[in-house]
Amino acid sequence: MRSSALDADARVQRILATVDSIQKGRVASYGDVAREAGLPRQARLVGRVLGRLPSGSKLAWHRVVDAAGRIRVGGASAREQKRRLEREGVAVSTKNRVDRAFFAFARQRNLD
DNA sequence: TATATGACGACGA
DNA sequence: ATCGTCGCCATAT
């Protein structure tokens with residue numbers, strides 16, 4: 001038995017389910033996905049999981065960008081992600097950036 | 001047990 | 001707005 005509340009596989013499942021919950025035409029940051037999955041502070045784990053997805057995966061991995069709305073993947077995958085996003089109506093700047101208006105789990109700012 | 005790594009995030013210059 | 005640094009944390013070696 002694992003001593004942790006959630007074993008590695010359970011965390012992966014939660015992350016996949018959360019990414020799958022992002023509506024078409026919206027995006028979410030790695031940190032947002034982690035938080036929604038009940039795994040706060042584990043944005044990097046989300047990135048690791050998405051980076052190891054099997055080739056034929058049906059998951060909408062392209063809907064995940066960094067906290068600034070920027071595409072964090074390199075090479076051909078970056079163009080692929082941009083293409084997929086634009087295809088569903090998400091505007092991506094020439095600098096591979098998505099506006100906050102497209103964020104699914106929009107963060108409310110504390111007006112203190 | 002210790003050190004390195006990374007599809008991240010927050011900040012300051 | 002951009003870039004460098006440092007903080008975070010599960011994994012890998």
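Reminder, nothing fancy here: chain letters follow the sequence lines and each chain counts from 1. This structure is a prediction, so every number in the text was calculated from the model and none was measured.
If you check every strand for non-hydrogen atoms under 4.0 Å, R41(A) touches sugar and phosphate atoms only. Nucleic acid contact for R70(A): none, since no nucleic acid atom lies under 4.0 Å from a heavy atom of the residue.
In this structure, D66(A) places its CG atom 20 Å from P of dG7(C), rounding to the nearest Å. Put simply, OH on Y30(A) is 14 Å from P on dA10(B), counting in whole angstrom units. With rounding to whole Å, R35(A) atom CZ is found 15 Å from dC9(C) atom P. Counting to the nearest Å, the C1' atom of dC8(C) and the CG atom of L39(A) are 14 Å from each other. Distance CD1 (I15(A)) to C1' (dC9(C)): 12 Å, rounded to an integer number of Å. If you take CZ of R72(A) and C1' of dT5(B), they are 14 Å apart, rounded to a whole angstrom. Rounded to whole Å, atom P of dA7(B) lies 18 Å from atom CD of E80(A). Rounded to a whole Å, the CG atom of L59(A) is 13 Å from the C1' atom of dA7(B).
A salt bridge is defined here as a Lys NZ or Arg NE, NH1 or NH2 lying under 4.0 Å from an Asp or Glu carboxylate O, and E88(A) with R84(A) fails to meet this definition.
For S77(A) and dA7(B), the shortest distance from a side-chain N or O to OP1 or OP2 is not below 4.0 Å. For dT2(C), one of the phosphate oxygens OP1 or OP2 lies less than 4.0 angstrom from a side-chain nitrogen or oxygen of K95(A). For Q42(A), no side-chain nitrogen or oxygen approaches OP1 or OP2 of dC9(C) to under 4.0 Å.
From R63(A), atom CZ reaches atom CZ of R26(A) across 11.0 Å, with rounding to the nearest 0.5 Å.
Taking the side chain as every heavy atom from C-beta outward, V49(A) and V46(A) never approach each other to under 4.5 Å. Between V27(A) and I22(A) there is no side-chain heavy-atom pair separated by less than 4.5 Å.
Scored by the side chain to side chain contact (heavy atoms under 4.5 Å, CB included) test, V92(A) finds I71(A), K82(A), L85(A), E86(A), N96(A), V98(A) as partners (sequence neighbours excluded). Legend: residues meeting side chain to side chain contact (heavy atoms under 4.5 Å, CB included) with R87(A), ordered by chain and number and at least two apart, are R83(A).
Atom CZ of R79(A) sits in a sparse spot, with 12 or fewer heavy atoms from other residues, nucleotides or ligands closer than 6.0 Å.
Within the shown strands, nothing qualifies as a pairing partner of dA7(B) under the Watson-Crick or G-U definition with both distances less than 3.5 Å.
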Polar atom pairs (N or O), protein with nucleotides 11-13 of chain C, under 3.5 Å:
{"residue": "dT11(C)", "atom": "OP2", "partner": "R11(A)", "partner atom": "NH2", "Å": "3.4"}

